[in-house]
Amino acid sequence: EKSTFDSDLTWVSTDSSLPKVVIYNARGTILSASKYGRLDNINYGSGPPVTVDHMIGNVTEVLKVAQLAVVSFPVTGGSAGLNSSLYLNITQHANRHLCTEGSDIAGGIMFHGTNTLEETAFGVDLTLNCSKPFVATGAMRPDTYISPDGRSNFFQAVATAVSPDARDRGGLIAFNDRITSIYYSTKSNANTPDTFRSIEQGNVGAFLGGQPYFYFSGPSYPTGRPHFDVTNTTELPAVVVLYGHRKFFLLSPACFEGANSLDRGLRRLAYVRGCCQWCQVSAFLPVENR
Ligand SMILES: NC(=O)C[C@H](N)C(=O)O
């Protein structure tokens, strides 16, 4: 019988003693195909879509390390069109599945288009309230490529999610043989498989023979990583972010644009200030917030 935390899950399994991993599926190139041949890594997308079931069928090794369940999320318009409701939706599912007391689920992985993977993953990372691994992955090549990276990334994400050593580290990205912290990762190249990098902070680990190998034996959370409880959040307020730059000062058009957006009802304003610039945002805040 299913508990409330996993009542929506159906497990694909060849061995009921294996750890359970939920796949949070927001699609992306990892589930895409090209009709233009095996070298196309640019114009793909219009080939017959690849399903998660296909993927599991092509990477049967995953069922030797985990039992899997899939939760799919609507992603109309591809990953560039996604908004923050997606991370809210994923994190609320993940908190219920993984973090409910007594949950026997070992961890979660997420399939996501790489163009906005880091944004969705960052949102989930800051709102997931337990020690279980949450591992984001995707692909830079469609599944029809001569050597698709998505299949390997899929296996590596599952192998990371079942690893006890992956716990208590915050969200991770498993991609192209490396493990990085979601908190610090950025997509660095539009086309190559080695795109997710955490340049200043480095890799958390790498894969050897299908096993994650962590470079630091004591788990550790990224310094300063905050946690926000979104259990009962149904709507996220829009925030205007102004980036400071040279000649960005009081009365500049950018400041006015920020102020205008406050007038249009976007009531929150963040100002990212670089050196040597100043925008007197407070001049535009509603009087009670100054
Ligand atoms: N590699 C990718 O996943 C790119 C893809 N177009 C996306 O949705 O982000």
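In listed order, ligands and their atoms are each counted from 1. Along the sequence shown, residues are numbered consecutively beginning with 1.
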Should Lys187 and Thr195 be marked as a side-chain hydrogen bond (donor to acceptor under 3.5 Å, both in side chains) after you check the CA-CA gap, both sets of side-chain angles, and the distance that decides it?
-> CA-CA 5 Å; Lys187 183 176 177 183; Thr195 190; 5.5 Å; no
Which word best sums up how the rings of His97 and Tyr24 line up, parallel for under 30°, tilted for 30 to 60°, or perpendicular for over 60°?
-> parallel
Numbered atoms of ligand 1 (with element) below 4.0 Å of Ala139, judged on heavy atoms = 1 (N), 2 (C), 3 (O)
For Tyr87, enumerate each residue passing the ring-ring contact (aromatic ring centres under 6.0 Å, His included) test, keeping only those at least two apart in sequence or located in another chain.
-> none
Apart from Ile199 itself, which Ile, Leu, Val, Met, Phe, Trp or Tyr residues share its cluster (side-chain heavy atoms under 4.5 Å, direct or through members)?
-> none
Over 12 foreign heavy atoms within 6.0 Å of OH, Tyr221 | yes
Just jot down the ligand 1 atoms closer than 4.0 angstrom to any heavy atom of Met140, in number order.
-> 1 (N)
Is Lys187 close to ligand 1, meaning an N/O of one under 3.5 Å from an N/O of the other?
-> no
Geometric N/O contact Asn115 with ligand 1, under 3.5 angstrom | yes
Lys/Arg N to Asp/Glu carboxylate O, Asp8 vs Arg96, below 4.0 Å | yes
Which atoms of ligand 1 sit under 4.0 Å from any heavy atom of Gly113?
-> 3 (O), 7 (C), 8 (O), 9 (O)
Geometric N/O contact Thr29 with ligand 1, under 3.5 angstrom | yes
Ligand-residue contact atoms, ligand 1 with Ser79, heavy atoms, under 4.0 Å = 7 (C), 8 (O), 9 (O)
